[in-house]
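These notes are about the structure you will find just below.
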Amino acid sequence: NAFMSPRQAAWVDARQRASLAKFNQRPRRPANKFRSICFSLAESNMFYNFITFVIALNTVFMTSEHYDQSEKWTSTLLVTDYIFATIYVLEAILKMCAYGIRVYF
């Protein structure tokens, strides 16, 4: 383009080449029966919606902490932190079983 500097033209060219690359290929279903079940669950819309809901709910609980809160509420928040952490660890384990460690990371 006549209105671009050589550096801008190189940037535009790099962006166009990058848009043609396929970086995020979907993982294939594993042959192992257990891993295949994990894959089906990890790829399901229900699981995705559940994790999204858990993240949103966790956000609500994290933002509800406030100055001079009662001891009971502090204990409740501590318990919910453990529950959410457990759910996130289980999600990670499920996805590692489904996709394999190399694809997961």
Side-chain angles (χ1 to χ4, degrees):
N1 193 339
F3 298 107
M4 286 193 275
S5 69
R7 189 171 176 202
Q8 289 172 327
W11 182 84
V12 169
D13 183 52
R15 290 278 301 192
Q16 288 173 344
R17 281 187 275 129
S19 70
L20 297 175
K22 293 183 180 179
F23 294 108
N24 294 329
Q25 294 182 355
R26 295 202 51 124
R28 287 183 276 158
R29 178 179 297 279
N32 179 289
K33 186 171 181 153
F34 174 74
R35 288 188 60 203
S36 181
I37 293 169
C38 291
F39 183 86
S40 295
L41 183 58
E43 289 287 309
S44 72
N45 282 334
M46 187 176 83
F47 182 74
Y48 176 81
N49 291 337
F50 172 73
I51 294 298
T52 302
F53 173 75
V54 168
I55 291 169
L57 189 61
N58 189 12
T59 303
V60 170
F61 274 97
M62 287 180 2
T63 59
S64 69
E65 187 173 349
H66 58 279
Y67 176 74
D68 203 26
Q69 66 189 15
S70 69
E71 193 64 37
K72 185 175 182 179
W73 186 244
T74 302
S75 298
T76 302
L77 290 178
L78 182 63
V79 169
T80 59
D81 282 346
Y82 285 125
I83 292 169
F84 290 126
T86 302
I87 292 171
Y88 297 142
V89 167
L90 292 175
E91 175 196 14
I93 291 169
L94 176 76
K95 288 184 175 181
M96 279 188 256
C97 290
Y99 304 134
I101 292 181
R102 287 187 180 172
V103 174
Y104 181 77
F105 287 107

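Each residue takes its place number in the sequence, starting with 1. Computation of the quantities below employed the complete heavy-atom set of this structure, encompassing side-chain atoms and omitting hydrogens, waters and symmetry-equivalent molecules.
One hydrophobic cluster, built from ILVMFWY side chains closer than 4.5 Å, holds both I55 and L77. Placement of M62 and V79 in two distinct hydrophobic clusters is found when ILVMFWY residues are connected by side-chain heavy-atom separations under 4.5 Å, directly or transitively. One hydrophobic cluster, built from ILVMFWY side chains closer than 4.5 Å, cannot hold both L90 and I87; they sit in different ones. No path of Ile, Leu, Val, Met, Phe, Trp and Tyr side chains, each step under 4.5 Å between heavy atoms, connects Y48 with L41, placing them in separate hydrophobic clusters. Cluster membership check: Y99 does not share its hydrophobic cluster with F34, using side-chain heavy-atom separations under 4.5 Å among Ile, Leu, Val, Met, Phe, Trp and Tyr.
Ring orientation note: the planes of F61 and W73 are close to parallel, at an angle under 30° on the 30°/60° scale. In this structure, Y88 and F84 have parallel ring planes: the angle between them is below the 30° cut-off, well short of the 60° mark.
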*asked:* Between M4 and W11, is the side-chain contact (heavy atoms from CB on, under 4.5 Å) condition met? List the steps.
replied: CA-CA 10 Å; M4 286 193 275; W11 182 84; over 6 Å; no

*Stepwise side-chain contact (heavy atoms from CB on, under 4.5 Å) test for K95 and F47*: CA-CA 11 Å; K95 288 184 175 181; F47 182 74; 3.9 Å; yes

*asked:* Run I93 and V89 through side-chain contact (heavy atoms from CB on, under 4.5 Å) and show every step you take.
replied: CA-CA 6 Å; I93 291 169; V89 167; 3.8 Å; yes

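In this structure, CD1 in I37 is found 11.0 Å from CG in L94, a value given to the nearest 0.5 Å.
Residues F39 and R28 form no side-chain contact, since every pair of their non-hydrogen atoms from C-beta on lies 4.5 Å or further apart. Contact of the M96 side chain with the C38 side chain is not registered, since no non-hydrogen atoms from C-beta on lie closer than 4.5 Å.
When all heavy atoms of R35 and G100 are compared, the closest pair comes out as NH2-N, 3.2 Å. In terms of heavy-atom proximity, P30 sits nearest to S36 at O-CB, 3.7 Å. Looking at every heavy atom in both residues, E65 comes nearest to Q69 through CA-OE1, 3.4 Å.
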